[in-house]
Amino acid sequence: MIAVMLALGLMVADHRFHHLDVARSTVEVVMYPMQYAASLPAQWVRSAQGQLDHENQLRRTNDDLQHENLVLKGRLQQFESLRAENMRLRDLLGSSFDVGERVLIAEILSIDLDPYRQQVIINKGTNSGVFVGQPVLDAQAVMGQVIRTNALSSTVLLITDANHALPVEDNRNGLRTIAAGKGPSQELELLYIPKNADIRVGDLMVTSGMDERFPPGYPVARVKTVRQDPDNPFTTVIAEPTARLDRSREVLLVWSLNLNSDSPATPPALAADAVAPAPAGNH
Amino acid sequence: MNSQQAMRWMISISLIVALFLTIVPLPPDWDDWRPQWVTLLLIFWCLTLPERIGVFWGFGMGLMLDMFTSGLLGQQALSLSLVAYVTITLHARVRLFPRWQQSFFVWMLLLAERLLTLWILGATGQPMPTLTYWLPTLVGLMLWPWFSRSLSWLGQHTGAL
């Protein structure tokens, strides 16, 4: 009886009030070595696979990567000049702009957590300057945000979790909406889109930055189906995340550097292992 | 090492192994079939040592499991406490059952554990999982005779039981 009461109390405290976050992160520091140990078998399998890879295959991968690198570098040349031009134009308009972001690469622990919540654990914590609410990206798109940190590791809530939603806009016409997670189905639902709104299958949704949490302009999802349900006052729009939520091994933690408002202080650890701008295609 | 110490060691080591098995990554196709290791272990210990392992052990194990899988704190603690309570209450009768009959008792407990977790998922606004949600209980049902036999064999050989 007492145990049941205690458990219920704990759940309410954890779910509603987040009173236990401090206690949790303390215990999670202790848990981390065990979780790390549990992720080792998968790492061994991967490294064994790497050693068994055929030489030809490695060469081919290498060629592909070099090719991709060349293409990306080519695009980047333009990007620099475009950015400078964009900044000049924004200056003329007198509007503010985030000058950029700093990112840090973290690795996802290969362990299976509670399968009915979309969370992952990464191997960077407050020692590396990670903070609660920090955006997490992969090479393609937004993955989620940090919901708990301790000294050594952090828990990331993915955008597909049923308790996660983020403001996005249509990259084609700037239509603003909210992308809410739908749980294990790996889909997002775009909320409150009027019946007559201009949204089509294949539209790319990017972060709008209105939450002041995710930096604007990062891809989030691509519209998969648009349906008009007679019993729903809004259009039912389902989108598929462009991030490889179930396959990425490395993620990028982002610090926004904002000139106009005082930004979250760049942690000292960043100087050592930060890279900017975001490297793409590191798989 | 006397048998008290051996028993304590065995309980903690088996618990750690069960926690490991719960989060060790499996190929995605097998993931739905992962048995509820910690629940199985708790039922085993409650049946074997009902005078030592009780409801609060279930509570503690559940809490560790919640931490480990970064679920909602207390969700497994609740279901495992109830599982421990039922097992302790009925242990005298169940221990006399033949193994296959015991398996079905265990299956009921595994189902109850899943059902409680389902309620909690629903209450915290998670979407309803698919039918594969119940697969682990079937695996547990198949696994139980071997599981309990090998654990008691281990216990006898290390002098813990």
Side-chain angles (χ1 to χ4, degrees), chain A residues 1-16 18-21 23-28 30-32 34-35 37-43 45 109-121 147-148 153-157 161-163 181-185 187 246-247, chain B residues 15-28 30-32 34 54-85 114 116-130 132-133 135-136:
Chain A
M1 225 31 244
I2 303 170
V4 169
M5 282 298 158
L6 261 177
L8 285 175
L10 269 179
M11 273 191 284
V12 172
D14 193 27
H15 185 61
R16 287 259 171 254
H18 305 282
H19 284 325
L20 302 167
D21 286 357
R24 258 193 108 136
S25 52
T26 321
V27 183
E28 276 172 354
V30 186
M31 291 277 181
Y32 177 66
M34 287 167 75
Q35 288 174 327
S39 78
L40 283 179
Q43 282 183 23
V45 170
L109 285 196
S110 314
I111 53 177
D112 284 337
L113 300 175
D114 189 343
Y116 300 99
R117 285 164 214 278
Q118 317 295 309
Q119 296 177 350
V120 292
I121 291 185
I147 50 165
R148 265 199 309 277
S153 65
S154 325
T155 311
V156 176
L157 188 70
D161 190 277
N163 287 331
K182 277 169 65 75
S185 60
E187 282 171 343
D246 49 350
R247 274 161 292 164
Chain B
L15 175 60
I16 290 173
V17 171
L19 285 173
F20 262 39
L21 286 174
T22 312
I23 61 168
V24 152
L26 293 177
W30 299 5
D31 209 24
D32 289 334
R34 183 198 303 271
V55 173
F56 279 95
W57 272 87
F59 185 78
M61 281 178 169
L63 217 53
M64 284 179 83
L65 193 60
D66 286 333
M67 290 276 187
F68 230 60
T69 59
S70 55
L72 181 65
L73 213 57
Q75 108 185 12
Q76 298 285 337
L78 173 68
S79 47
L80 289 189
S81 318
L82 286 173
V83 165
Y85 175 72
R114 290 259 101 173
L116 277 168
T117 315
L118 186 68
W119 284 343
I120 296 164
L121 279 178
T124 52
Q126 298 287 333
M128 196 57 80
T130 50
T132 55
Y133 180 76
L135 273 180

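The shown structure was predicted, so the numbers you read here are calculated from the model rather than taken from an experiment. Lettering follows sequence order; numbering is per chain, from 1.
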**Q.** Working for side chain to side chain contact (heavy atoms under 4.5 Å, CB included), residues Met67(B) and Val30(A)
**A.** CA-CA 10 Å; Met67(B) 290 276 187; Val30(A) 186; over 6 Å; no
Q. Between Asp66(B), Asp31(B), Thr130(B), Thr117(B), which has the largest tally of heavy atom pairs under 4.5 Å with chain A?
A. Asp31(B)
**Q.** Portion of Thr22(B) that has a non-hydrogen atom of chain A nearer than 4.5 angstrom
**A.** backbone
Q. Under a 4.5 Å heavy-atom cut-off, does chain A meet the side chain of Leu21(B), its backbone, both or neither?
A. neither
Q.
Can you list everything that forms a salt bridge (Lys or Arg N to Asp or Glu O under 4.0 Å) with Asp32(B)? Sequence neighbours excluded, please.
A. none
Q | Contact class of Ile120(B) relative to chain A, heavy atoms under 4.5 angstrom | A | side chain
Q: Could I get the full list of salt bridge (Lys or Arg N to Asp or Glu O under 4.0 Å) partners for Arg148(A), not counting sequence neighbours?
A: Glu28(A)
Q.
Looking at every non-hydrogen atom in both residues, tell me the closest pair between Thr69(B) and Gln119(A) and how far apart they are.
A. O-OE1, 4.4 Å
(Q) Working to the nearest 0.5 angstrom, can you tell me the gap between Met34(A) CE and Ile16(B) CD1? (A) 5.0 Å
**Q.** Approximate separation, where rounding is to 0.5 Å, of Ile147(A) CD1 and Ser70(B) OG
**A.** 7.0 Å
Q. Nearest heavy-atom pair of Met31(A) and Met64(B): which atoms, and what distance?
A. CE-O, 4.0 Å
Q. For Ala38(A) and Val24(B), which heavy atoms make the closest approach, and how far apart are they?
A. O-CG2, 3.8 Å
